[in-house]
Asks: 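This structure is in structure tokens; I'll ask about it shortly.
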Protein chains: 2
Amino acid sequence: MPRPSRREHLIETAITLFCEHGYHATGIDRLLETAGVSKKTMYQHFRSKEELIYAALRQYDGVFRNNFMKAVEGAGKTPKEKLLAIFDVAETWFNDNKFFGCMFINAISEYSEKDSPIRDISRQFKQLMWNYVFDLAKEANANEPKKLANELCLLLEGAIVTAQVSQKPEAAATAKEIGKKLIDSAVSS
Amino acid sequence: MPRPSRREHLIETAITLFCEHGYHATGIDRLLETAGVSKKTMYQHFRSKEELIYAALRQYDGVFRNNFMKAVEGAGKTPKEKLLAIFDVAETWFNDNKFFGCMFINAISEYSEKDSPIRDISRQFKQLMWNYVFDLAKEANANEPKKLANELCLLLEGAIVTAQVSQKPEAAATAKEIGKKLIDSAVSS
DNA sequence: ATCTAAGTAAACAGATCGGTTTACTTATGA
DNA sequence: TCATAAGTAAACCGATCTGTTTACTTAGAT
């Protein structure tokens with residue numbers, strides 16, 4: 001693995017700190033000290049803190065979805081199994097000791113302005129996740145793939161927040177059980 | 001209605017601003033200007049900003065749950081109907097133009113330290129909401145009231161976050177439909 | 001070898017942060 | 001009526017915020 005560029009390294013550090021401590025609470029100085037990068041270097045890679053936030057969210061968007069999809073594909077053979085595997089993948093995510101909820105939900109809770117680019121990126125992420133679930137639902141020949149995707153995504157959000165707030169990773173299993181019923185009744189296997 | 005005390009007024013203002021803009025992003029100066037209260041007065045009612053946050057969360061905890069329960073009681077006669085009404089009440093909440101998600105979820109996303117009092121208050125709120133749903137589930141003679149409460153609370157969280165992030169208040173209806181199936185199969189009516 | 005691009009450390013700037021203090025004003029109850 | 005409690009406005013404090021600048025150091029390619 002080649003040594004990451006300053007840019008990549010800053011983004012990685014930003015993701016870590018924004019996830020754990022939030023966006024406003026993470027100061028540039030602290031971030032730079034953690035990354036071991038000088039201020040000047042950062043500001044010639046990013047125009048502002050906001051731009052670094054955008055970059056971090058976009059990077060995390062790509063990496064997270066990629067990892068998530070790979071894990072789901074590896075955990076189930078049929079589309080139906082993959083739909084269910086979503087919740088198993090979620091559970092291992094929740095059990096990571098660096099789990100602090102969904103970075104995008106957290107972002108929106110700090111930036112509520114309706115036209116904020118941060119909001120847009122976060123909504124986009126959720127939309128792309130929904131698209132993935134929708135595709136799986138179609139592959140599984142679900143009666144109403146849109147409806148099933150809505151339902152499973154809502155269950156996933158519920159599990160994420162429950163795991164985050166109430167420190168109960170087993171929320172994933174609760175969601176999975178409900179999901180199984182919905183999948184079974186939507187997919188005549 | 002008597003004129004509210006400075007303390008109450010500050011807490012009300014704090015709730016409004018913390019909900020919309022978050023905790024770190026809401027500065028004391030801005031809050032005081034909005035409330036029309038001097039700094040000295042605030043600091044002889046609250047030792048610090050953190051204490052004001054605690055007070056705001058505790059106040060909101062009481063008011064929100066009270067309003068929520070009243071709305072649910074008014075929207076359904078039987079315990080079973082009340083369980084379903086949870087999602088109708090949620091939907092009207094989501095459609096409020098001052099809806100910015102759940103204040104406690106948002107709080108935890110900014111204060112992730114495991115022993116933070118802010119975290120404790122937020123978890124407590126979720127626990128009390130769970131207790132209420134659990135009581136309704138018992139009244140409805142559900143097979144496994146604990147399980148049903150877990151499920152319905154998870155659905156509610158999912159609806160809240162979906163409404164917040166994706167700006168879809170209709171997430172409440174999605175959750176309600178799933179909830180109805182779970183209630184029906186748990187309650188032999 | 002040397003020029004250049006990219007890095008560092010650190011001082012600096014102006015704004016804002018949470019919080020304290022001072023001096024003055026208002027209300028209220030004995 | 002007058003003491004007291006509670007309020008305001010505003011100056012002030014040190015720390016921290018985002019962002020800029022200066023002066024110096026490296027690393028690489030020609």
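Keep in mind that this is a model prediction, so the values were computed, not measured. Order of the sequence lines fixes the chain letters, A, B, ..., with proteins taken first and strands second; residue numbering starts at 1 for each chain.
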Asks: Measure from CD on B/E33 to C1' on D/dT8 and round the result to the nearest Å.
Replies: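 Whole-Å distance recorded here is 14 Å.
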Asks: CZ of A/R7 versus P of C/dA6: gap in Å, rounded?
Replies: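 Rounding to the nearest Å, CZ of A/R7 and P of C/dA6 are 14 Å apart.
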Asks: Under 4.0 Å between a side-chain N/O of B/Q44 and OP1 or OP2 of D/dG7, yes or no?
Replies: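 Yes, within the criterion.
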Asks: What pairs meet the ring pair (Phe, Tyr, Trp, His ring centres under 6.0 Å) rule with one or both residues in residues 131-188 of chain A, with sequence neighbours excluded?
Replies: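 Listed by first then second residue: A/W130-A/F134.
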Asks: Where does the angle between the aromatic ring planes of B/Y111 and B/Y23 fall among parallel (under 30°), tilted (30 to 60°) and perpendicular (over 60°)?
Replies: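 Answer is perpendicular, since the angle exceeds 60°.
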Asks: In whole angstrom, what separates B/L32's CG from D/dG7's C1'?
Replies: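 Whole-Å distance recorded here is 13 Å.
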Asks: Less than 3.5 Å apart, which donor and acceptor atoms pair up between the side chains of residues 50-58 of chain B and the rest of the protein, not counting sequence neighbours?
Replies:
unit_1 : atom_1 : unit_2 : atom_2 : d
B/E50  : OE1    : B/Y54  : OH     : 2.5

Asks: Which pairs count as salt bridge (charged side-chain N to carboxylate O under 4.0 Å, His left out) when at least one residue sits in residues 84-104 of chain B, sequence neighbours excluded?
Replies: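 Every pair satisfying salt bridge (charged side-chain N to carboxylate O under 4.0 Å, His left out) with a residue in residues 84-104 of chain B: B/D88-B/K176.
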Asks: Just distance, no hydrogens or angles: give the donor-acceptor pairs under 3.5 Å from side chains in residues 13-22 of chain B, sequence neighbours left out.
Replies:
unit_1 : atom_1 : unit_2 : atom_2 : d
B/T13  : OG1    : B/H9   : O      : 2.9
B/T16  : OG1    : B/E12  : O      : 3.1
B/H21  : NE2    : B/R30  : NH2    : 3.4

Asks: Do any pairs count as a ring pair (Phe, Tyr, Trp, His ring centres under 6.0 Å) and have a residue in residues 145-164 of chain B, sequence neighbours left out, and if so which ones?
Replies: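 Qualifying pairs: none.
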Asks: With the sugar-phosphate defined as primed atoms, P, OP1 and OP2, and the base as all remaining atoms, what B/S/- string results for nucleotides 9-26 of chain D, 5' to 3', for protein heavy atoms under 4.0 Å?
Replies: ---------BBBBBB---
Asks: Please determine whether a side-chain nitrogen or oxygen atom of B/H45 lies at a distance below 4.0 Å from atom OP1 or OP2 of D/dA6.
Replies: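 No, outside the criterion.
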